[in-house]
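What follows is a set of notes on a single structure, which appears directly below.
What's counted below: heavy atoms across the whole structure, side chains too, no hydrogens, waters or symmetry copies. Here is how names work: the chains are called A, B, and so on, in the same order as the sequence lines, proteins then strands, and each is numbered from 1.
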Amino acid sequence: MKGFLDGQFTQLQLLQDESNPDFVVEVVSLFFEDSERLLNDLTRALDQQIVDFKRVDAHVHQLKGSSSSIGAQRVKNACIAFRNFCEEQNSEACLKCLQQVRQEYCLVKNKLETLIRLEQQIVAAGGSIPIEELSFQGYQVKL
Amino acid sequence: MARNGVVSMHWRSEKIDGFDLSPPDDEQVHVLAVDDSLVDRKVIERLLKISCCKVTAVDSGIRALQFLGLDEEKSSSVGFDDLKVDLIITDYCMPGMTGYELLKKIKESSTFREIPVVIMSSENVMARIDRCLEEGAEDFIVKPVKLSDVKRLRDYMTAREFRVKNQQIGNNNNIKNNNKRRLRETCDLSSSPLSMLFSSSSPSPSLSPSSLSSPSSPSPCLSPLPSPPILSYSAPCSPTSLDSPTRRLKMSSSD
């Protein structure tokens, strides 16, 4: 199972400390809101009689950016493929890509929610979270 | 690295306190961050705050200009002194005004052109990087932005502040000569020992300027950038450098 979250996610965890204990949750929440909005915009844009590929590409570019910033590498990679088809102005392929992106987004959303829940449980039980344990290398999410 | 008494003591005491210099508020580096992405704004803001910078984050070039008081020739009600923006870091791809256009506007302004501008972009395109550097950008960071990128910027800002202070003291010839001598010695070394001096308290293993950039995208243009400001912080190396043919001739004739 190839990594859903890359090193950038670890970078975000490094930015969390006692003064900012909810940083990761906050960024991840913003990512969820942003992504869901963009996915809706993309669905609408591709549903038009005449597709504005520039507009579609702009949305995908944004989604690629935020998924990259959060470390959601599979979403990012799906966006890269998507942009290629935007350039080709291929509606069919774009629709397939949108499906793919949405799928990857759902998968990473699950992983992130699980991770956050787990972190919260550990903290609630009085423990602390060593970054190495929860970095994408060390942590195995069982489906 | 200056070994002169006055200047180096100041430097050494700051390093003893570690990277967290805890400067008084008016001495904190104030960064204006510009990015249309909410996620990226949140991340860059935190990256900068954790690196002891004061941050103002805006979502567009227009807002950045408004903040600086540069929009539509409307003079800001806040005096420039109060704003004291030390660094502007902006995304390249933004709707409306791009980061490149913002860069140009800032460099065209007599009030703000001295402020270093750093461009961020997810696309590692040489032509884009070159264009930004030619327009006067201080540096170009490939997204996603990491702690090491911000650390490098912070070190550059510290060196820059230091250089300014040193120039203010530097009417004393003694200091200048000492620095020239030290700098000539360090000029012969590779750039990494120099950056080691600035990042000695950092746990990061990669210390040379070029390796501080993201490993996945070794933008070659990043390596020359930190060096000129750091090298020139006390005295220019080139005019009297040992490489000058004239100098070499003189030296050999004196042997």
(request) Of all the heavy-atom pairs spanning Leu14(A) and Ile50(B), show the shortest one and how long it is. (result) O-CD1, 4.1 Å
(request) Find the distance between CG (Leu47(B)) and CG (Leu12(A)) and round it off to the nearest 0.5 Å. (result) 8.0 Å
Find the N and O donor-acceptor pairs between chain B and chain A that sit under 3.5 Å apart.
unit_1, atom_1, unit_2, atom_2, d
Asp40(B), OD1, Ser69(A), OG, 2.3
Lys42(B), NZ, Glu26(A), OE1, 2.6
Arg46(B), NE, Leu15(A), O, 2.7
Arg46(B), NH2, Leu15(A), O, 2.9
Arg46(B), NH2, Asp17(A), OD1, 3.3
Arg46(B), NH2, Asp17(A), OD2, 3.2
Glu123(B), OE2, Lys64(A), NZ, 3.0
Val145(B), O, Gln8(A), NE2, 3.3
Lys146(B), NZ, Gln8(A), OE1, 3.4
Leu147(B), N, Gln11(A), OE1, 2.8

